[in-house]
Amino acid sequence: MTVNGENLGSLGDLRRSGRRPGVPLFLAGGVNKLTFTATSDRLVLDRLLVGPGTGALRSTVHPAEEGVVTGTAHVTGAQRLATGGKAVDGIGGGAANALTLTVTAARTGRHALTVRYSNGEQAPATHYNPDPVCRHADLSVNGQPARRVLFPTTFHFNAFCDLTVPVTLDEGPNTLTFTADAPPNRDGTRPHPDQHRSAHAPVIDRVTVTPVA
C-alpha cells in the first residue's frame, strides 16, 4: 500500500498494528492517491471508507518563533493571522539566513511535516500582468543534504496555507533547518535577469509533525 507515493508496507501489518478497525493514515487536505498492489491472487478490494482520525496518529506542533534564527531571519509580528500573531520572516538570500527547529519523534520512520506558511511575493510586472512567485525552502533534516521544497503563492503575506512534506525522522530529537537562495538561470550560474525566481523562503508560522501511518 502506498499513499501519495509513500510505501507503507503490508496492509495486513498496518491492520494488526492498530487497536481499532481500519488503518490510521495521514492524508493531506485535498486530493490523495492511494495505491494497492496485490501480493497474491486472493485480494478482493470492494471499497474504501475515509473518515476523521481517531487520535491514533499523534501530532506535535512547533511554532516557528521557538526555533533558532540566524542572519536576517527573525521573529515578526507583522502577520496578525499567524498562530499567536508571530512567525519567522527573512529566511533566505543565503544559507546563513536560516531557521532551525528541534522536533521529537516517538519512533524512527517516515513522518508528514506540515508547514503553515505565507507567500505574497510577486515579480516586477505591470498591473495588467501580476506575476506570483513560487518561493522555496531548502530543507535539511539532521544535517543531511537539503531538499528543495516549493511553496506556491498565497497572494498575501497575511494569508496562510499548509504544505505537507514527507521526511524521515529518527527516534528522539531531530533538527530541521530551513534556508533558501536564488536559483540560477538556465545557464546554471547567473541569477534570473527579471527576478522571476525568489531568493527567499516563505514566512513560516509553524511546523506540525505527524507519523504517516
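Both backbone and side-chain heavy atoms feed into the values below; hydrogens, waters and symmetry mates do not.
Scanning all heavy atoms of the two residues, the minimum distance from Phe157 to Ser118 falls at O-OG, 2.9 Å. For Thr164 against Ala112, the heavy-atom pair with the smallest separation is CG2-CB, 3.7 Å. Between Phe178 and Ala137, the shortest heavy-atom distance links the atoms CD2-CB, 4.1 Å. Contact between Leu99 and Ile91 at its shortest, heavy atoms only, is CB-CD1, 3.7 Å. Thr83 and Glu65 make their closest contact through O-OE2, 4.3 Å (heavy atoms, listed as atom of the first residue, atom of the second, distance). Between Thr179 and Ala98, the shortest heavy-atom contact is CG2-CB, 3.4 Å.
Inter-residue side-chain proximity for Thr2 and Phe36 is flagged as unmet; no heavy-atom pair is nearer than 4.5 Å. Considering only heavy atoms from C-beta on, Arg116 stays 4.5 Å or farther from Pro63 through its side chain. Residues Phe155 and Pro132 have side chains in contact (heavy-atom distance under 4.5 Å, counting atoms from C-beta outward).
Atoms CG and OG1, on Leu176 and Thr100 in that order, are 8.5 Å from each other to the nearest 0.5 Å. Note: Leu113 CG to Leu169 CG = 7.5 Å, rounded to the nearest 0.5 Å. Considering NE2 of His136 and NE2 of His200, their distance stands at 10.0 Å, rounded to 0.5 Å. Rounding to the nearest 0.5 Å gives a distance of 6.5 Å between OG1 of Thr153 and CD of Gln122. Here NE2 of His62 is found 13.5 Å from CG of Asp205. Values are rounded to the nearest 0.5 Å. If you take CG on Asp162 and CZ on Arg206, they are separated by 6.0 Å, rounding to the nearest 0.5 Å.
Here Asp138 pairs with Arg148 under the salt bridge (charged side-chain N to carboxylate O under 4.0 Å, His left out) rule; sequence neighbours left out. Every residue two or more places apart in sequence or in another chain that forms a salt bridge (charged side-chain N to carboxylate O under 4.0 Å, His left out) with Arg110 is listed here: Glu6.
With no hydrogens or angles considered, a side-chain donor-acceptor pair links Ser59 and Thr210 at under 3.5 Å. For Glu121 and Ser198, the side-chain atoms include at least one donor-acceptor pair closer than 3.5 Å. Side chains of Thr76 and His74: no donor on one and acceptor on the other come within 3.5 Å.
Put simply, the side chain of Asn142 gets close to the backbone of Thr175: a donor and an acceptor are under 3.5 Å apart. With hydrogens and angles disregarded, no donor-acceptor distance shorter than 3.5 Å links the side chain of Asn97 to the backbone of Gly90. In this structure, Ser140 contributes its side chain and Thr177 its backbone to no donor-acceptor pair below 3.5 Å. For the pair Asn32 (side chain) and Leu27 (backbone), a donor-acceptor distance under 3.5 Å is absent. For the pair Asn119 (side chain) and Tyr117 (backbone), a donor-acceptor distance under 3.5 Å is absent.
Both Val165 and Val141 are assigned to one and the same hydrophobic cluster, defined by single-linkage of ILVMFWY side chains at heavy-atom distances under 4.5 Å. Hydrophobic clustering of Ile, Leu, Val, Met, Phe, Trp and Tyr side chains at less than 4.5 Å, counting indirect connections, unites Val212 with Val50. If you chain together hydrophobic residues whose side chains sit under 4.5 Å apart, Val133 and Ile204 never meet in one group. Val149 and Val207 fall within the same hydrophobic cluster, where Ile, Leu, Val, Met, Phe, Trp and Tyr residues are linked whenever their side-chain heavy atoms come under 4.5 Å apart, directly or through other members. Both Leu34 and Leu45 belong to a common hydrophobic cluster when Ile, Leu, Val, Met, Phe, Trp and Tyr are linked at side-chain heavy-atom distances under 4.5 angstrom.
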task = Give the intermediate values and the outcome of side chain to side chain contact (heavy atoms under 4.5 Å, CB included) for residues Phe151 and Val203.
result = CA-CA 10 Å; Phe151 291 83; Val203 177; over 6 Å; no

message = Evaluate Val68 against Leu101 for side chain to side chain contact (heavy atoms under 4.5 Å, CB included), listing each step before the verdict.
response = CA-CA 7 Å; Val68 176; Leu101 286 167; over 6 Å; no

query = Going through the distances and angles, do Leu8 and Val3 end up as a side chain to side chain contact (heavy atoms under 4.5 Å, CB included)?
reply = CA-CA 7 Å; Leu8 303 183; Val3 178; 3.6 Å; yes

query = side chain to side chain contact (heavy atoms under 4.5 Å, CB included) between Phe160 and Thr154: does it pass, once the steps are laid out?
reply = CA-CA 7 Å; Phe160 287 87; Thr154 63; over 6 Å; no

